[in-house]
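Working notes for the structure below.
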Amino acid sequence: MDFLSANTTEQLNEMPKTEEWLPEKPQQYVPEQNQVLTTAMVCCHTLGVTSGGDLIGNVVDKIMFETTGAQIRNSADSKDGVTSIVTSDGKNISVIKRFDFDHHRMTQSVIARFEDGTVKAFVKGSAESIQRLCHKDSLPHNFDQIVRDLARSGIYQISMAVKTLASKDNIDDSRDEIERGLEYLGVVNFKNVIREEAPSIIKELQEGDVRCSMLTGDNVLTGIHIAKESGMIAPNKQVIRATQMSHESGHIIWVDENDAELLKLPAKLSQVELAMTGELWIRLLSHDRELALELVDHIRVFGRCNPHDKASVVSTLASKGYITLMCGDGGNDCGALKTAHVGIALSDAEASIVAPFTSLKKCLTSVPEVLKEGRCALASAFASYKYMILYGQITMFNQMANAYFQITFAEMCWIFIDGAWVVSMAFALPLAQAAKRLAPERPTASVLGPHTMFSALGIIAFNFAFMAISLAALVREPWYQCRKWDGTDVSNVSILGDNYESEVIFLVTGYQYVSSAMAFNFGYKFRAAWIKNWFFVILVVIYTTIHFLITLYPSKVSCFWRVNCENKNVVPNIIDWYNIPIQNKYNHTLLHEDFRVVICVIMVANTIAVCGWEYFIINGIGRRLVNESKNRNKTIDGKDDENVAEIELVAEPYFDDA
């Protein structure tokens, strides 16, 4: 924000047209030209000074004070809470009482004592609030037009007023008494410099199916100007502003942004952008809540909002089912930051205390970053959730097959099934990074929704089919003999596990624990490319290498799982640590060489099927059909799907602080 100009009441009256006195560029301020207004700028603030002489306090106050060339004495030199200020021409002013900025009054005031003993109260605030507190004859004759023109030009304006106190006893008067019967001094203008990254961030959010609205303490016309400059409002979009509301009928008067004509709201509100003040919003909400709920989807700018107004807008949107994100940098944003589903503080001040997130860079780039990380976390959580469903289903299938053949797996097989594979895959799946850009939609949040169910059920069906195919292929082999256990000794699990059936079931369904995780590692548009989840990829490579190695090549390694094993390669039992020979009359579990290749082909085909189902069908055709359906609903209804859209509300962080 840059200092632009300061103009007294006399200057405003002499130059009735705004363009005559409003400079295009920041001006060098000359304090001597506006003595009384300069004094107000010197005194009326809540700044302090550190031991090193640095100013601390509100950014706008800093800019205004530094413009005057005055200095605040070190607080160590102050007595009884009195702040001493030295003006640029060497005069001493003592600020003996301060009233902090009140978001409901929209004012801030001080009481100052001068060298000649006179005591004056200086008050600053929004144009509307100062107008109500001043004598009408002290205001510029074109005051309302000036305020509108300034706001329409995107100017942040602070009005100044003064009151001479009759005696020192008046110092103890209430704030209401002091801020009454004021003389208007003039206006201090600041140019709202939009943050450099704002237009690109707004565009990215809009492309990411996020609707942005502005909640600001500034004039609603200033908000409209900034909304257009940042791209929040399209250049060709008509803006309709609410000016007042009847107390009796509740009828709202709507005008165009230039106040040129009265308007009626169109049948399709999606064709226009609406704007209103926070005060009018609260009145509308209390008088006709149904209408307020209908309009809130289309109100782009809320101006002159106090903390309660901002929190009310956020809570209303949340009550309609929207996911709300609020970002702000001031104390008046705290309520809304706490009310929203996600709050991002763009400062280290009060806002950072209540907001769940605080931007380290203090810029708007944190907003899409939080959304991308949030969507990535949601997609990753559902990937793990679906994987655990698949883990249970795969285990159920191989247990059913084992029960049918009256067999089981070797102990090391169970350790990998219930331990190594499921734990490591479930741990590695959520480690995927967030996508670089926001997707045009958000991931599903329904655990029993069609996307989740079709994804899981499809892969379950493929896995069951390929297990059945592998067993069918086994029984068709000429060398195959059924090895059902028909004894009574169950003291050694190897008696039930050393057979072709358990071997084939373990190889095929065991790799399904890996291939199913591979399918869910596809992040669609919410997570980075699958290859970037390097820890997961490393695990897949290791498990795949081991699995195909023990399938194709008999060795001591394969005997670790008692797969493709013969007695000469048997390794010690992991629990008792002694060699248990192969428990069948053939003294081996070697598969025929050609059949080993068949099993590998089945595992590869199974992997291609489940990955293809997830990538091309669920995340491809399925997503496209859902998006087309959603777009048709938007066209028919003229509004966003409440269960899909996200709302970002921004409280003034579109402007540079300096």
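Along the sequence shown, the residues carry numbers beginning at 1.
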- Does F506 have its ring centroid less than 6.0 Å away from the ring centroid of F416? no
Discussion item. Any heavy-atom pair between the side chains of E503 and L591 that's under 4.5 Å?
Written reply: yes
OG1 (T365) and CD (E197) are apart, to the nearest 0.5 Å, by 6.0 Å
Note to self: Has S380 got a side-chain atom pairing as donor or acceptor with A377's backbone, closer than 3.5 angstrom?
What the structure shows: no
Any ion pair linking D498 and R562 (charged N to carboxylate O, less than 4.0 Å)?
-> yes
Requested in this report: Please answer whether the main-chain N or O of C212 pairs with a side-chain N or O of R300 as donor and acceptor at a distance below 3.5 Å.
Outcome: yes
Under a 3.5 Å distance rule, please check whether K320 uses its side chain to pair with a backbone N or O of L293 as donor and acceptor.
yes
Value for CG (L364) from CD (E196), rounded to nearest 0.5 Å, stands at 12.0 Å
Output for pair (F409 CZ, I407 CD1), nearest 0.5 Å, gives 7.0 Å
Give the ring-plane orientation class for Y500 versus H588, where under 30° counts as parallel, over 60° as perpendicular and anything between as tilted. tilted
Check your understanding: With side chains defined as the heavy atoms from C-beta onward, is the minimum distance between W530 and F536 less than 4.5 Å?
Key -> no
What side-chain donor-acceptor pairs closer than 3.5 Å can you find for residues 609-619, not counting sequence neighbours?
{"from": "W613", "atom 1": "NE1", "to": "F454", "atom 2": "O", "distance (Å)": "3.2"}
{"from": "E614", "atom 1": "OE1", "to": "S455", "atom 2": "OG", "distance (Å)": "2.6"}
{"from": "E614", "atom 1": "OE2", "to": "K386", "atom 2": "NZ", "distance (Å)": "3.3"}
{"from": "E614", "atom 1": "OE2", "to": "S455", "atom 2": "OG", "distance (Å)": "3.2"}
{"from": "N619", "atom 1": "ND2", "to": "E614", "atom 2": "O", "distance (Å)": "3.4"}

Smallest heavy-atom separation, H547 atom then G510 atom, equals CE1-C, 3.9 Å
| said: With no hydrogens and no angle check, just 3.5 Å: does a side-chain donor-acceptor pair link Y513 and T395? | reply: yes
Tell me which donor-acceptor pairs under 3.5 Å the side chains of residues 353-360 have, and how far apart each pair is, sequence neighbours excluded?
{"from": "S359", "atom 1": "OG", "to": "K361", "atom 2": "N", "distance (Å)": "3.4"}
{"from": "S359", "atom 1": "OG", "to": "K362", "atom 2": "N", "distance (Å)": "2.9"}
{"from": "S359", "atom 1": "OG", "to": "C363", "atom 2": "N", "distance (Å)": "3.4"}
{"from": "S359", "atom 1": "OG", "to": "S366", "atom 2": "OG", "distance (Å)": "2.6"}

Would you indicate whether the side-chain heavy atoms of K310 and V314 approach each other to under 4.5 Å?
no
(message) Is it the case that the side chains of T452 and Y385 hold a donor-acceptor pair, with the cut-off being a distance below 3.5 Å and no angle test?
(response) no
Contacts of F560 meeting ring pair (Phe, Tyr, Trp, His ring centres under 6.0 Å) (sequence neighbours excluded), chain-then-number -> none
Rounded to the nearest 0.5 angstrom, the CD-OG distance for E501 and S470 is 11.0 Å
Taken to the nearest 0.5 Å, the spacing of F405 CZ from N499 CG works out to 9.5 Å
The side chain to side chain contact (heavy atoms under 4.5 Å, CB included) partner of R596 among I550, N564, V601, L507 is N564
Rounding to 0.5 Å, atoms CG (L590) and CD1 (I582) come to a distance of 8.5 Å
| said: Quick check on F522: does its CZ atom have over 12 non-hydrogen neighbours (other residues, nucleotides or ligands) under 6.0 Å away? | reply: yes
Are any side-chain N or O atoms of N569 and backbone N or O atoms of C565, one a donor and one an acceptor, separated by less than 3.5 Å?
no
